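Down below is the structure, laid out as structure tokens.
Because the structure is a prediction, the values reported are computed rather than measured. Chain A is the first sequence line, chain B the second, and so forth, proteins listed ahead of strands; every chain is numbered from 1.
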Amino acid sequence: MNKNDIQELIAKRAAQELKGRCVVNLGIGIPTLVAKFINDDNVFFHTENGLLGVSDVSEEDIDPNLVNAGKLPVGEAVGASYFNSADSFGMIRGAHVDVAILGVLQADQTGLIANWAVPGKNIMGVGGAMDLLVGAKKVIVTTTHTSKDGKSKILKECTYPITSTRSVDMIITELAVFEVMEGQLHCIELMPGVSMDEVREKTEADFISDVTVAGGNML
Amino acid sequence: MNKNDIQELIAKRAAQELKGRCVVNLGIGIPTLVAKFINDDNVFFHTENGLLGVSDVSEEDIDPNLVNAGKLPVGEAVGASYFNSADSFGMIRGAHVDVAILGVLQADQTGLIANWAVPGKNIMGVGGAMDLLVGAKKVIVTTTHTSKDGKSKILKECTYPITSTRSVDMIITELAVFEVMEGQLHCIELMPGVSMDEVREKTEADFISDVTVAGGNML
Amino acid sequence: MKVYSDAAEALQSVKSNQTIMVGGFGLVGAPLTLIDELTRKEIDGLTVISNNLGEKGKGLGILVNQKKIKKGIGSYFTSNRDVGDAYQKGELELELLPQGTLAESMRAGGAGLGGYYTKTGVGTDLAKGKEERVIDGITYVFEPAIKADVALIRAWKADTLGNLVYYKTAQNFNPLMATAADVVIAEVDEIVEAGELSPEEIVTPHLFVDGIIRAEKILTKDGVVSNEQK
Amino acid sequence: MKVYSDAAEALQSVKSNQTIMVGGFGLVGAPLTLIDELTRKEIDGLTVISNNLGEKGKGLGILVNQKKIKKGIGSYFTSNRDVGDAYQKGELELELLPQGTLAESMRAGGAGLGGYYTKTGVGTDLAKGKEERVIDGITYVFEPAIKADVALIRAWKADTLGNLVYYKTAQNFNPLMATAADVVIAEVDEIVEAGELSPEEIVTPHLFVDGIIRAEKILTKDGVVSNEQK
């Protein structure tokens, strides 16, 4: 699979988690792609720079003053509303956002994540990451399973500074889907064509194999 | 003078304090009358239940959902805006209201006031009084000089619970105008026909006679 | 978000001993239809957070007389003498807060904050027992955030998604309460299609709202009347 | 409230070593005309509170390169590499706050609060040295309110009194900064007569605004251009 296919595979799987009426905040990168796979009027996208009701925008309708948190142009859905940054983060911290889908630099086997700083480099940006972690009712991580140099991004323990003491609920990669239950990582699903051996090999973290849904060729 | 004349005399004098562009919050009672004596587009009235730009309303234009903090019907001035109670009190506490004109039960010779509770009776209502005291840049008290039973309302020390540890800036009665300077009460003006002797007689508080403007028949 | 056909259905989940926020400044912006239903419902032990506890025999004042309210949290109870009487008899607990503190504590609750420091009330009887803190030379008191199980609010228009706009000074505490309760039911004059309210005019985005009903009681110059357009 | 004829006049009172809030999320909703004037003004030692410090060589990024900024307070400096470089060289102090904390601290400053307790950041490097407090079983950190000498903001329309409305996601931090500075200057696309903005659509009431100017720099699909309608 090329990079694009991998990202779309992950985003598509994450989209399946959005069922029933829900308000969803999408992070930068793979999370942004999730919207492409949602065709449900009951899923509402929130962006922390001040809009509930994010939709796609066509090239000719781009408005430079209508962007998402990644500063990419977006559209305005029917029933959308705008608000200032304090009100927007009030929604997030106050648990009025149902799901946040985020990218990570690292995740660990207790569900803690690191996605805002790299030691040795300057700590230069956190944006809304910490607010989303403490506030969203459910947090789903979408990430490639390994970094560019092939190292596992799902570790025994994060080596980068953590984003929150709150564990995420789910991690979706191009290889598998993990759930965090009682502080432990459970692999609940393999992606099509992926074996548990491959997941074990490419994952530093300890996890419990709990595959009840056969997405691939073995349990 | 009858009660009405007394109230109008006090309100009219208070109105003279509102010069230049300013945002003014008027309390219940005599303060509400102050608006009658203002004919200046640069004076904007704020009411803490959520409106900047209070104006008079004629009987036929009364809207039951458009009221001031005293729950009396008001009108909407040109350039008015509405907001929720948290934003409204943010304006007050945040020192964005220039002048508050308030009634009192008691004031003392250091400028402290009591206007929200009477000991022995239930403490049942404070409303926005404490917020206005800590927040408004200038606080003017308008009050009859004595209570119904003839006792001075300007005391050596308040016997009722104080509204704030912040002193007011000015006290206007039907007998005189006082300013609070460096924690002391200064009588700066006598109302027409009022003698300093009468003021001294009807005032329990110690004050400094500092009458530079002859409103009446003596200095 | 559900559009309920009547107040009884909307308040089905409201139970005894819950904490309920009720919008309005006096009767202005109060959810009169929902309050009316509370007076008919067999519940008690309520903690009611509202600027006032209605007027004598009106609005929340009826609940006071029905002894359904265990505790009232508000800023101005003076306008209903029955509240003072019930308090004197020990039938009603009261917590009095400065109006700005009441509003701000709701906002804090809705915004996921634990509490905040305000200048208001410092050195007065209402700050007795409250923690003081000096920040940059100014003394503040700590006020905890307030939340509720249910908020009953009044808006002007809702769209079918649950977005709300308010009417003039009938706004007051309503948008704040909408953020600070587990279940938020709004009573409105009119329900319009999604897309009919401009994105810039919406004050309460739909993510805060769980249910809406059309108001059956309306405040007019001549007092509270039934909504004849119904 | 004064309508200034140009940015130079509007910023006449801005001095070295002041704390200045600058609106915008990246370039969206940033007061580009006023920033442009800052780049021409002979000042330094500024503390700038803004979500970002512009982009490389754009907006506030120019001020960074001019070494006029002593300290930046914001949530996301990554989008301008020059910021990191200046920080490494010790030429620029930085204070990084979670975006929600940055926004909330401005709101607190504008609303006369001393500070507040938030869950955000608890247990992370950004909360190091910050006071923790457990309220109802949840751990929060204390965050002080933020204020500034001057706020430079961007709105869509102003009326002649100084009431402001904003455009879509160009709102962001602007209405908050309008409450939290001693002097507030707004740059707008259009100035209309008082009464032309509906009382319900006004986001920033005029009591917050000290001066307005018509924008000369406008963000378009093709980047920042001069306002030709001028």
Side-chain angles (χ1 to χ4, degrees), chain C residues 19 98-101 103-122 127 130-148 155-157 163-171 174-176 179 197-205, chain D residues 19 98-101 103-122 127 130-148 155-157 163-171 174-176 179 197-205:
Chain C
T19 297
Q99 200 169 313
T101 300
E104 191 64 23
S105 294
M106 290 173 192
R107 187 192 168 281
L113 306 176
Y116 60 95
Y117 289 98
T118 179
K119 288 180 278 198
T120 303
V122 169
K130 291 183 180 178
E131 177 211 329
E132 285 191 358
R133 178 176 184 145
V134 178
I135 301 168
D136 282 341
I138 298 169
T139 305
Y140 298 85
V141 286
F142 174 73
E143 294 286 352
I146 295 182
K147 293 201 71 177
W156 180 25
K157 292 181 192 173
N163 288 306
L164 303 179
V165 297
Y166 300 88
Y167 183 82
K168 301 187 188 284
T169 55
Q171 181 173 164
N174 288 297
L176 305 166
T179 70
L197 303 176
S198 106
E200 264 88 8
E201 78 179 316
I202 291 167
V203 172
T204 297
Chain D
T19 296
Q99 200 168 314
T101 299
E104 191 64 23
S105 294
M106 290 173 192
R107 187 191 168 281
L113 305 176
Y116 61 94
Y117 288 99
T118 179
K119 287 180 278 197
T120 302
V122 169
K130 292 183 179 177
E131 176 210 329
E132 285 193 356
R133 178 174 184 147
V134 178
I135 301 167
D136 283 341
I138 298 170
T139 306
Y140 298 86
V141 286
F142 174 73
E143 294 286 351
I146 296 181
K147 294 201 72 177
W156 181 25
K157 293 182 194 173
N163 288 306
L164 303 178
V165 297
Y166 300 88
Y167 183 81
K168 300 188 189 284
T169 55
Q171 181 172 164
N174 288 296
L176 306 165
T179 70
L197 302 176
S198 106
E200 265 89 8
E201 79 179 315
I202 291 167
V203 172
T204 296

Check: E200(D) side chain, Y167(C) main-chain N or O, donor-acceptor pair, under 3.5 Å: no

Among E104(D), K119(D), E143(D), side-chain contact (heavy atoms from CB on, under 4.5 Å) partner for L113(C): E104(D)

Proximal component of E201(D), with respect to chain C [non-hydrogen, under 4.5 Å]: neither

Among the listed options Q171(D), K168(D), R107(D), the residue most often paired with chain C at heavy-atom distances under 4.5 Å: R107(D)

Plane angle bin for F142(D) and Y117(C) - parallel if under 30°, tilted between 30 and 60°, otherwise perpendicular: perpendicular

